[in-house]
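What follows is a single structure, written as structure tokens, with notes after it.
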Amino acid sequence: MNGILIATLVVGGVGIFIGLFLGIAAIVFKVEVDEKEVAVLEALPGNNCGGCGYAGCSGLAAAIAKGEAAVNQCPVGGEAVAKKISEIMGIDSEATVKKVAYVACNGTCEHAKVDYEYYGVEDCNMLSFVPNGGAKTCNYGCLGYGSCVKACPFDAIHIVDGVAVVDKEACKACGKCVAVCPKNLISLIPYDATYMVACSSKDKGPVVMKACTVGCIGCGLCKKNCPNDAITVENFVAKIDPEKCTGCGTCKEKCPKGSIEALV
């Protein structure tokens, strides 16, 4: 009987000691929590996509609370989240331009020519090890093996007829696809952009025409006829400035190769 009593007292004493130790440790090693940081984290969507430039939502929340990041830096949350965070931080939020990913290539199976049939690992980044960097004759076009598809956390990009195509409504402009594309074909453009050049080839016109039926040949007709000076031609390929473009459609009408795409 005495043994049981002693054992009970020992166990109880150890329990009390551990409890006191943990209580004291909690006080000594207590980490102060920034209430604003917690509130900002709760306001963020929680996708942890990294599109803001930080390692997840917690990283962005900490940066915003410290004043190291803008209240509208979350591309997924957009203007609605930026407004909530600005109220938490007690500052005015700048207007946020909604963006979407765009693939500057229309080299589909119908339009783009191929040099050989490829059978192997279906990953765009792996094709840098094969001849010409891929089976397509154009060395600047979409490879069509879906590295961007795998990287997208929102199921907003898919391979259609050999080319990556973005679903504007599903895209959150996180930038994951932009970072992973080995051909640097994907960029973030304003959601309301009306016309874009669906080609990224830097080859001269005759070379482009042998590789793709809709490739930009850098003729400059779109630039000459644009009434808003919204088009430039660099490295034999035309580029449209969405901020200057008014959506008149003249460039698309004048393009002899059909390289300019209407987005609306």
Side-chain angles (χ1 to χ4, degrees), residues 22-104 122-126 128 142-143 145-159 164-193 196 200 242-243:
L22 292 176
I24 294 171
I27 295 173
V28 173
F29 298 105
K30 181 180 180 181
V31 177
E32 295 295 332
V33 178
D34 188 329
E35 294 183 359
K36 285 188 176 181
E37 180 181 334
V38 174
V40 170
L41 182 58
E42 291 178 350
L44 291 171
N47 293 95
N48 294 309
C49 63
C52 59
Y54 290 87
C57 294
S58 59
L60 177 59
I64 292 175
K66 294 175 183 177
E68 298 174 355
V71 295
N72 60 353
Q73 196 152 329
C74 174
V76 177
E79 190 171 355
V81 169
K83 185 177 180 180
K84 290 181 182 179
I85 296 176
S86 65
E87 291 175 354
I88 294 170
M89 297 300 296
I91 59 177
D92 293 330
S93 173
E94 297 179 0
T96 302
V97 177
K98 184 178 180 180
K99 292 189 175 183
V100 66
Y102 176 73
V103 182
E122 295 191 355
D123 184 281
C124 300
N125 290 289
M126 293 297 294
S128 59
C142 178
L143 296 168
Y145 287 102
S147 290
C148 53
V149 175
K150 298 169 188 173
C152 179
F154 305 103
D155 192 32
I157 187 166
H158 303 91
I159 302 301
V165 177
V166 177
D167 181 342
K168 289 181 64 174
E169 304 308 320
C171 179
K172 303 298 182 183
C174 70
K176 290 280 189 177
C177 57
V178 177
V180 78
C181 178
K183 297 291 186 176
N184 299 313
L185 297 175
I186 309 176
S187 60
L188 298 180
I189 65 172
Y191 178 87
D192 295 328
M196 291 296 290
S200 298
E243 294 184 1

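Starting from 1, each residue takes its place in the sequence as its number. These values consider heavy atoms only, across backbone and side chains, with no hydrogens, waters or symmetry-generated copies.
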message: To the nearest 0.5 Å, what is the distance between OG on Ser86 and CG on Asn72?
response: 9.0 Å
message: In the structure I gave you, are the side-chain heavy atoms of Ile85 and Gln73 within less than 4.5 Å of one another anywhere?
response: no
field: Glu122 CD: over 12 foreign heavy atoms closer than 6.0 Å
entry: no
task: For Lys98 and Glu79, run side-chain contact (heavy atoms from CB on, under 4.5 Å): C-alpha distance rounded to whole Å, both residues' side-chain angles, the deciding distance at 0.1 Å, then the answer.
output: CA-CA 8 Å; Lys98 184 178 180 180; Glu79 190 171 355; over 6 Å; no
- prompt: Is any side-chain heavy atom of Tyr102 closer than 4.5 Å to a side-chain heavy atom of Lys168?
  reply: no
message: Is the shortest side-chain heavy-atom distance between Lys176 and Pro153 below 4.5 Å?
response: yes
field: Validation row: Lys99, Cys171 side chains within 4.5 angstrom (heavy atoms)
entry: no
query: Once you round to the nearest 0.5 Å, how far does SG of Cys177 lie from CD1 of Ile157?
result: 5.0 Å
query: Which heavy atom in Ala101 sits nearest to a heavy atom in Ile186, and how many Å separate them?
result: CB-CG2, 4.0 Å
- request: Say whether, by atom type as modelled, one donor and one acceptor occur between the side chain of Ser200 and the main chain of Leu185 under 3.5 angstrom.
  value: no
query: Any side-chain heavy atom of Pro75 within less than 4.5 Å of one from Cys52?
result: yes
message: Rounded at 0.5 Å granularity, tell me how far CG in Leu41 sits from NZ in Lys36.
response: 16.0 Å
message: Measuring from atom CD of Glu243 to atom CD1 of Ile189, what distance do you get when rounded to the nearest 0.5 angstrom?
response: 12.0 Å
- line: Correct closest heavy-atom pair for Ala173 and Val100 would be CB-N, 4.2 Å
message: Ignoring hydrogens, what is the shortest heavy-atom contact between Asn48 and Cys57? Give both atom names and the distance.
response: OD1-N, 2.8 Å
field: For the student: nearest non-hydrogen atoms of Asn125 and Pro182, plus distance
entry: OD1-CB, 3.7 Å
message: I need the minimum non-hydrogen distance between Ala193 and Pro242, along with the two atoms involved.
response: CB-CB, 4.2 Å
task: Give the C-alpha distance, both sets of side-chain angles, the deciding distance and a yes or no for side-chain contact (heavy atoms from CB on, under 4.5 Å) between Phe154 and Asn47.
output: CA-CA 9 Å; Phe154 305 103; Asn47 293 95; 3.2 Å; yes
Worked verdict on Ile88 versus Ile64 for side-chain contact (heavy atoms from CB on, under 4.5 Å): CA-CA 10 Å; Ile88 294 170; Ile64 292 175; over 6 Å; no
task: Taking all heavy atoms of Val180 and all of Cys148, pick out the closest pair and write down the distance.
output: CG1-CA, 3.7 Å
- prompt: What's the spacing between Cys74 SG and Lys84 NZ if we round to 0.5 Å?
  reply: 11.0 Å
query: Should we count NZ of Lys150 as having more than 12 external heavy atoms under 6.0 Å?
result: yes
